[in-house]
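One structure below.
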There are 2 protein chains.
Amino acid sequence: MADTVKQRITSQRRVILEELRKSVFHPTAAELYQVVRRRLPRISLGTVYRNLDLLARSGMARKLATGTGQSRFDANLEAHYHVRCIRCGRMDDVFSLPELILDDEVAQETGYEIQGHELQFVGICPACQQKSDMK
Amino acid sequence: MADTVKQRITSQRRVILEELRKSVFHPTAAELYQVVRRRLPRISLGTVYRNLDLLARSGMARKLATGTGQSRFDANLEAHYHVRCIRCGRMDDVFSLPELILDDEVAQETGYEIQGHELQFVGICPACQQKSDMK
DNA sequence: GTATGTGCAAATTATTTGCACGAAG
DNA sequence: CTTCGTGCAAATAATTTGCACATAC
(Lines give C-alpha, C1' and ligand atoms only; values in the text may rest on other atoms or scores of the structure.)
Protein backbone atom coordinates (compact mmCIF):
# COMPACT_ATOMS: atom_id res chain seq x y z
CA MET A 1 0.00 0.00 0.00
CA ALA A 2 3.00 2.24 0.29
CA ASP A 3 3.79 2.06 -3.39
CA THR A 4 0.42 2.65 -4.95
CA VAL A 5 1.63 4.71 -7.86
CA LYS A 6 -0.55 5.20 -10.89
CA GLN A 7 1.21 3.86 -13.93
CA ARG A 8 0.24 5.03 -17.35
CA ILE A 9 0.34 2.85 -20.40
CA THR A 10 2.51 4.81 -22.77
CA SER A 11 3.44 3.44 -26.16
CA GLN A 12 7.08 3.33 -25.04
CA ARG A 13 6.24 1.25 -22.00
CA ARG A 14 4.08 -1.14 -24.00
CA VAL A 15 6.61 -1.66 -26.79
CA ILE A 16 9.51 -2.16 -24.35
CA LEU A 17 7.63 -4.92 -22.55
CA GLU A 18 6.45 -6.52 -25.79
CA GLU A 19 9.94 -6.64 -27.21
CA LEU A 20 11.45 -7.89 -23.97
CA ARG A 21 8.89 -10.71 -23.94
CA LYS A 22 9.69 -11.64 -27.52
CA SER A 23 13.43 -11.78 -26.94
CA VAL A 24 15.16 -15.08 -26.22
CA PHE A 25 18.34 -13.14 -25.62
CA HIS A 26 18.01 -11.68 -22.13
CA PRO A 27 19.00 -8.38 -23.67
CA THR A 28 20.94 -5.59 -22.03
CA ALA A 29 19.31 -2.17 -21.89
CA ALA A 30 21.32 -1.06 -24.90
CA GLU A 31 20.40 -4.13 -26.95
CA LEU A 32 16.73 -3.71 -26.16
CA TYR A 33 17.00 -0.03 -27.06
CA GLN A 34 18.20 -0.98 -30.56
CA VAL A 35 15.26 -3.32 -31.07
CA VAL A 36 12.64 -0.94 -29.69
CA ARG A 37 14.00 1.87 -31.82
CA ARG A 38 12.88 0.06 -34.94
CA ARG A 39 9.28 0.60 -33.81
CA LEU A 40 9.73 3.90 -31.96
CA PRO A 41 12.61 5.74 -33.62
CA ARG A 42 12.41 8.74 -31.30
CA ILE A 43 12.65 6.80 -28.02
CA SER A 44 15.64 7.55 -25.78
CA LEU A 45 17.94 5.15 -23.98
CA GLY A 46 17.04 6.84 -20.71
CA THR A 47 13.41 5.86 -21.19
CA VAL A 48 14.42 2.25 -21.75
CA TYR A 49 16.39 2.30 -18.50
CA ARG A 50 13.55 3.93 -16.58
CA ASN A 51 11.01 1.41 -17.82
CA LEU A 52 13.21 -1.62 -17.27
CA ASP A 53 13.78 -0.47 -13.73
CA LEU A 54 10.05 -0.03 -13.26
CA LEU A 55 9.28 -3.46 -14.70
CA ALA A 56 11.88 -5.07 -12.47
CA ARG A 57 10.64 -3.34 -9.34
CA SER A 58 7.01 -4.16 -10.07
CA GLY A 59 7.86 -7.81 -10.65
CA MET A 60 7.01 -7.92 -14.35
CA ALA A 61 10.61 -8.65 -15.33
CA ARG A 62 13.81 -9.85 -13.73
CA LYS A 63 17.06 -7.94 -13.69
CA LEU A 64 19.96 -10.35 -14.03
CA ALA A 65 23.39 -9.66 -12.60
CA THR A 66 26.12 -10.67 -14.99
CA GLY A 67 29.33 -9.71 -13.25
CA THR A 68 30.39 -7.86 -16.37
CA GLY A 69 29.27 -4.36 -15.53
CA GLN A 70 26.02 -4.53 -17.43
CA SER A 71 22.70 -6.04 -16.45
CA ARG A 72 20.45 -8.22 -18.56
CA PHE A 73 16.68 -8.40 -18.39
CA ASP A 74 14.22 -11.27 -18.60
CA ALA A 75 10.43 -11.08 -18.84
CA ASN A 76 9.97 -14.82 -18.39
CA LEU A 77 8.62 -15.18 -14.86
CA GLU A 78 8.55 -19.01 -14.83
CA ALA A 79 10.99 -20.59 -12.38
CA HIS A 80 14.14 -21.19 -14.36
CA TYR A 81 17.85 -20.56 -14.21
CA HIS A 82 20.52 -19.18 -16.50
CA VAL A 83 23.81 -20.07 -18.06
CA ARG A 84 26.22 -17.37 -19.14
CA CYS A 85 29.09 -17.50 -21.60
CA ILE A 86 32.26 -15.96 -20.19
CA ARG A 87 33.58 -15.36 -23.70
CA CYS A 88 30.75 -13.56 -25.51
CA GLY A 89 28.43 -12.67 -22.63
CA ARG A 90 25.48 -14.53 -24.14
CA MET A 91 22.93 -15.83 -21.64
CA ASP A 92 20.62 -18.81 -22.10
CA ASP A 93 17.87 -20.43 -20.08
CA VAL A 94 18.16 -23.61 -18.05
CA PHE A 95 14.88 -25.38 -17.35
CA SER A 96 15.83 -28.96 -16.63
CA LEU A 97 16.60 -28.67 -12.95
CA PRO A 98 14.08 -29.64 -10.33
CA GLU A 99 13.19 -27.00 -7.75
CA LEU A 100 15.98 -27.95 -5.37
CA ILE A 101 16.60 -24.78 -3.58
CA LEU A 102 14.95 -24.12 -0.29
CA ASP A 103 14.62 -20.47 0.57
CA ASP A 104 13.19 -21.36 3.98
CA GLU A 105 16.32 -23.19 5.08
CA VAL A 106 18.44 -20.20 4.17
CA ALA A 107 16.12 -17.91 6.10
CA GLN A 108 16.60 -20.14 9.14
CA GLU A 109 20.36 -20.24 8.83
CA THR A 110 20.93 -16.56 8.15
CA GLY A 111 18.04 -14.66 9.71
CA TYR A 112 17.40 -12.97 6.39
CA GLU A 113 13.86 -12.55 5.12
CA ILE A 114 14.36 -14.34 1.81
CA GLN A 115 12.57 -13.09 -1.27
CA GLY A 116 14.06 -15.44 -3.84
CA HIS A 117 17.25 -16.58 -5.41
CA GLU A 118 19.19 -16.45 -8.63
CA LEU A 119 21.20 -19.39 -9.91
CA GLN A 120 23.60 -18.85 -12.72
CA PHE A 121 25.88 -21.35 -14.41
CA VAL A 122 29.03 -20.06 -16.02
CA GLY A 123 30.86 -21.56 -18.95
CA ILE A 124 31.55 -21.42 -22.66
CA CYS A 125 28.72 -21.52 -25.16
CA PRO A 126 28.74 -23.87 -28.16
CA ALA A 127 29.56 -21.10 -30.62
CA CYS A 128 32.58 -19.94 -28.63
CA GLN A 129 33.78 -23.54 -28.23
CA GLN A 130 33.79 -23.78 -32.04
CA LYS A 131 35.90 -20.68 -32.29
CA SER A 132 38.48 -22.18 -29.88
CA ASP A 133 38.62 -25.42 -31.87
CA MET A 134 39.38 -23.61 -35.09
CA LYS A 135 42.54 -22.06 -33.74
CA MET B 1 49.91 -23.21 -20.95
CA ALA B 2 48.77 -20.17 -22.88
CA ASP B 3 48.68 -18.02 -19.79
CA THR B 4 52.03 -18.76 -18.23
CA VAL B 5 52.73 -15.28 -17.00
CA LYS B 6 55.28 -14.69 -14.31
CA GLN B 7 53.61 -13.07 -11.34
CA ARG B 8 55.64 -11.14 -8.86
CA ILE B 9 54.90 -10.98 -5.20
CA THR B 10 54.67 -7.29 -4.52
CA SER B 11 53.73 -5.98 -1.11
CA GLN B 12 50.55 -4.56 -2.60
CA ARG B 13 49.51 -7.93 -3.99
CA ARG B 14 50.29 -9.72 -0.75
CA VAL B 15 48.45 -7.27 1.47
CA ILE B 16 45.40 -7.20 -0.81
CA LEU B 17 45.07 -10.97 -0.67
CA GLU B 18 45.71 -11.08 3.08
CA GLU B 19 43.05 -8.50 3.81
CA LEU B 20 40.58 -10.10 1.42
CA ARG B 21 41.07 -13.41 3.21
CA LYS B 22 40.53 -11.81 6.60
CA SER B 23 37.33 -10.09 5.59
CA VAL B 24 33.97 -11.69 6.35
CA PHE B 25 32.36 -8.92 4.36
CA HIS B 26 32.81 -9.85 0.72
CA PRO B 27 34.12 -6.34 0.21
CA THR B 28 33.81 -4.22 -2.90
CA ALA B 29 37.02 -2.95 -4.47
CA ALA B 30 36.52 0.42 -2.80
CA GLU B 31 35.91 -1.12 0.63
CA LEU B 32 38.99 -3.29 0.35
CA TYR B 33 40.98 -0.26 -0.78
CA GLN B 34 40.07 1.54 2.45
CA VAL B 35 41.25 -1.42 4.54
CA VAL B 36 44.46 -1.98 2.62
CA ARG B 37 45.29 1.70 2.78
CA ARG B 38 45.72 1.43 6.53
CA ARG B 39 48.75 -0.79 5.86
CA LEU B 40 49.90 0.72 2.58
CA PRO B 41 48.88 4.38 2.60
CA ARG B 42 50.29 5.10 -0.86
CA ILE B 43 48.48 2.33 -2.70
CA SER B 44 46.09 3.37 -5.45
CA LEU B 45 42.57 2.18 -6.15
CA GLY B 46 43.66 1.18 -9.63
CA THR B 47 46.15 -1.28 -8.14
CA VAL B 48 43.42 -2.81 -6.02
CA TYR B 49 41.28 -3.29 -9.12
CA ARG B 50 44.16 -4.76 -11.11
CA ASN B 51 45.02 -7.24 -8.39
CA LEU B 52 41.45 -8.28 -7.70
CA ASP B 53 41.02 -8.95 -11.38
CA LEU B 54 44.20 -10.98 -11.40
CA LEU B 55 43.18 -12.97 -8.33
CA ALA B 56 39.78 -13.70 -9.83
CA ARG B 57 41.18 -14.80 -13.16
CA SER B 58 43.81 -17.00 -11.57
CA GLY B 59 41.20 -18.67 -9.36
CA MET B 60 42.47 -17.36 -6.03
CA ALA B 61 39.33 -15.36 -5.40
CA ARG B 62 35.79 -15.15 -6.69
CA LYS B 63 34.20 -12.07 -8.19
CA LEU B 64 30.56 -11.89 -7.15
CA ALA B 65 27.92 -10.19 -9.29
CA THR B 66 25.56 -8.14 -7.19
CA GLY B 67 23.19 -6.57 -9.68
CA THR B 68 23.91 -3.19 -8.15
CA GLY B 69 26.62 -1.93 -10.42
CA GLN B 70 29.47 -2.95 -8.18
CA SER B 71 31.14 -6.30 -7.72
CA ARG B 72 32.14 -7.94 -4.47
CA PHE B 73 35.06 -10.27 -3.90
CA ASP B 74 35.50 -13.43 -1.89
CA ALA B 75 38.71 -15.31 -1.18
CA ASN B 76 36.93 -18.28 0.40
CA LEU B 77 37.21 -21.03 -2.19
CA GLU B 78 35.14 -23.63 -0.31
CA ALA B 79 31.85 -24.52 -1.99
CA HIS B 80 29.30 -22.17 -0.53
CA TYR B 81 26.62 -19.74 -1.59
CA HIS B 82 25.61 -16.19 -0.77
CA VAL B 83 22.70 -14.16 0.46
CA ARG B 84 22.45 -10.48 -0.39
CA CYS B 85 20.45 -7.74 1.31
CA ILE B 86 18.51 -5.64 -1.19
CA ARG B 87 18.36 -2.76 1.27
CA CYS B 88 21.96 -2.26 2.38
CA GLY B 89 23.89 -4.41 -0.13
CA ARG B 90 25.47 -6.53 2.57
CA MET B 91 26.39 -10.06 1.53
CA ASP B 92 26.68 -13.10 3.81
CA ASP B 93 27.65 -16.72 3.35
CA VAL B 94 25.31 -19.69 3.16
CA PHE B 95 26.87 -23.04 3.95
CA SER B 96 23.98 -25.28 4.96
CA LEU B 97 22.92 -26.45 1.56
CA PRO B 98 23.95 -29.81 0.23
CA GLU B 99 25.71 -29.83 -3.12
CA LEU B 100 22.53 -30.09 -5.13
CA ILE B 101 23.51 -28.54 -8.33
CA LEU B 102 24.66 -30.66 -11.17
CA ASP B 103 26.80 -28.85 -13.66
CA ASP B 104 26.90 -31.92 -15.88
CA GLU B 105 23.15 -31.93 -16.43
CA VAL B 106 23.26 -28.33 -17.49
CA ALA B 107 26.10 -29.05 -19.89
CA GLN B 108 23.96 -31.79 -21.44
CA GLU B 109 20.91 -29.59 -21.78
CA THR B 110 22.61 -26.49 -23.11
CA GLY B 111 25.75 -27.62 -24.90
CA TYR B 112 27.79 -25.22 -22.80
CA GLU B 113 31.11 -26.28 -21.34
CA ILE B 114 30.25 -25.55 -17.71
CA GLN B 115 32.92 -24.18 -15.41
CA GLY B 116 30.83 -23.62 -12.32
CA HIS B 117 27.85 -21.82 -10.94
CA GLU B 118 26.89 -19.03 -8.62
CA LEU B 119 23.83 -19.23 -6.39
CA GLN B 120 22.68 -16.12 -4.66
CA PHE B 121 19.72 -15.66 -2.36
CA VAL B 122 18.13 -12.25 -2.16
CA GLY B 123 16.31 -10.76 0.78
CA ILE B 124 16.44 -8.43 3.73
CA CYS B 125 19.10 -8.81 6.39
CA PRO B 126 18.30 -8.87 10.12
CA ALA B 127 19.60 -5.34 10.69
CA CYS B 128 17.46 -3.88 7.91
CA GLN B 129 14.40 -5.78 9.15
CA GLN B 130 14.90 -4.03 12.51
CA LYS B 131 14.96 -0.68 10.82
CA SER B 132 11.64 -1.44 9.10
CA ASP B 133 10.04 -2.49 12.37
CA MET B 134 10.99 0.74 14.10
CA LYS B 135 9.05 2.85 11.64
C1' DG C 1 69.27 -5.43 -16.38
C1' DT C 2 64.68 -6.49 -17.80
C1' DA C 3 60.04 -7.53 -17.46
C1' DT C 4 56.31 -6.81 -14.54
C1' DG C 5 53.79 -3.81 -11.31
C1' DT C 6 52.48 0.73 -9.46
C1' DG C 7 50.68 5.54 -8.87
C1' DC C 8 48.40 8.95 -10.96
C1' DA C 9 45.18 10.96 -13.88
C1' DA C 10 42.48 10.73 -17.70
C1' DA C 11 39.32 7.78 -20.39
C1' DT C 12 35.62 4.58 -20.84
C1' DT C 13 31.29 2.34 -19.86
C1' DA C 14 26.91 1.71 -17.77
C1' DT C 15 23.46 3.95 -15.60
C1' DT C 16 20.93 7.83 -13.44
C1' DT C 17 18.98 12.35 -13.16
C1' DG C 18 17.26 17.47 -13.84
C1' DC C 19 14.45 19.89 -16.54
C1' DA C 20 11.15 21.70 -19.91
C1' DC C 21 7.85 19.82 -22.81
C1' DG C 22 4.30 16.18 -24.12
C1' DA C 23 0.60 13.02 -23.47
C1' DA C 24 -2.55 9.89 -20.53
C1' DG C 25 -6.39 9.81 -17.89
C1' DC D 1 -6.05 20.34 -16.35
C1' DT D 2 -3.03 17.72 -13.55
C1' DT D 3 0.09 14.19 -12.94
C1' DC D 4 3.15 11.12 -14.76
C1' DG D 5 6.37 10.06 -18.59
C1' DT D 6 9.66 11.34 -22.17
C1' DG D 7 13.70 13.23 -24.75
C1' DC D 8 17.78 15.33 -24.27
C1' DA D 9 21.97 16.33 -22.24
C1' DA D 10 24.63 16.59 -18.42
C1' DA D 11 25.97 14.17 -14.13
C1' DT D 12 27.40 9.99 -11.46
C1' DA D 13 29.55 5.81 -10.38
C1' DA D 14 32.34 1.93 -11.17
C1' DT D 15 36.01 0.31 -13.55
C1' DT D 16 39.81 0.39 -16.96
C1' DT D 17 43.84 2.15 -19.16
C1' DG D 18 48.22 4.86 -20.83
C1' DC D 19 52.33 6.28 -19.31
C1' DA D 20 56.55 7.28 -16.77
C1' DC D 21 58.73 5.57 -12.90
C1' DA D 22 59.70 1.85 -9.40
C1' DT D 23 60.81 -2.75 -7.97
C1' DA D 24 61.06 -8.01 -7.97
C1' DC D 25 63.75 -11.35 -9.55
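Letters A, B, ... are given to chains in the order of the sequence lines, protein chains preceding strands, and every chain is numbered from 1. All values below were derived from every heavy atom in this structure, side-chain atoms included, with hydrogens, water molecules and symmetry-related copies excluded.
Per the geometry, CG belonging to A:Leu64 stands 17 Å off C1' belonging to C:dT15, to the nearest Å. Protein atom CZ of A:Arg42 is 20 Å distant from nucleotide atom P of D:dG5, rounded to whole Å. Note: CG (B:Leu55) to C1' (C:dG5) measures 14 Å, nearest angstrom. Counting to the nearest Å, the C1' atom of C:dT15 and the CG atom of A:Leu52 are 11 Å from each other. We find that OH of A:Tyr33 is positioned 14 Å from P of C:dT15, with the value rounded to whole Å. For the pair B:Arg57 CZ and C:dG5 P, the interatomic distance rounds to 11 Å; values are reported in whole Å. With rounding to whole Å, A:Arg14 atom CZ is found 15 Å from D:dG5 atom P. B:Ile16 places its CD1 atom 10 Å from the C1' atom of C:dT6, with the value rounded to the nearest Å.
Looking at A:Arg13, its side chain does come within 3.5 Å of a backbone N or O of A:Arg8 through a donor-acceptor pair. Side-chain N or O atoms of B:Gln115 include none that pairs as donor or acceptor with a backbone N or O of A:Ile86 at under 3.5 Å. A side-chain donor-acceptor contact under 3.5 Å links A:Ser58 to the backbone of A:Leu54.
Between B:Asp92 and B:His82, the side chains place no donor N or O within less than 3.5 Å of an acceptor N or O (distance only, hydrogens not considered). Judged by distance alone, the side chains of A:Asp93 and A:His26 do bring a donor and an acceptor atom under 3.5 Å apart.
Using a 4.0 Å heavy-atom criterion, one finds that A:Arg50 contacts the bases of the nucleic acid, with or without backbone contacts as well. A:Asn51 comes within contact range of the sugar-phosphate backbone alone, with a heavy-atom separation under 4.0 Å but no base atom that close.
Within the structure, a side-chain polar atom (N or O) of A:Thr47 is placed less than 4.0 Å from OP1 or OP2 of D:dG7. When the side-chain nitrogen and oxygen atoms of B:Arg13 are compared with OP1 and OP2 of C:dG5, one or more of them lie within a distance under 4.0 Å. Between A:Gln12 and the phosphate of D:dG7, there is a side-chain N or O to OP1/OP2 separation shorter than 4.0 Å.
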Under 3.5 Å between N/O atoms: give me all the protein pairs with nucleotides 11-15 of chain D, atom names plus distance.
| residue | atom | partner | partner atom | Å |
| --- | --- | --- | --- | --- |
| D:dA14 | OP1 | B:Gln70 | OE1 | 3.2 |
| D:dA14 | O3' | B:Gly69 | O | 3.1 |
| D:dT15 | OP1 | B:Ser71 | N | 2.9 |
| D:dT15 | OP2 | B:Tyr49 | OH | 2.3 |
| D:dT15 | O5' | B:Tyr49 | OH | 3.2 |

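Below the 3.5 angstrom threshold, one finds no donor paired with an acceptor across the side chain of B:Arg8 and the base of D:dC25.
Of the charged side-chain nitrogens involved, none lies within less than 4.0 Å of a carboxylate oxygen, so that B:Lys22 and B:Glu18 do not count as a salt-bridged pair. Note on B:Arg38 versus B:Glu19: no salt bridge recorded, every NZ/NE/NH1/NH2 to OD/OE distance being 4.0 Å or above.
In terms of position on DNA chain C, the residue among B:Ser11 and B:Gly46 whose nearest nucleotide sits closer to the 5' end is B:Ser11.
Among D:dG7, C:dT4, D:dC25, the nucleotide with an atom closest to any side-chain atom of B:Ile9 is D:dC25. Closest approach to the B:Thr10 side chain among C:dT6, C:dA3, D:dT6 is made by C:dT6 (side chain taken as heavy atoms from C-beta onward).
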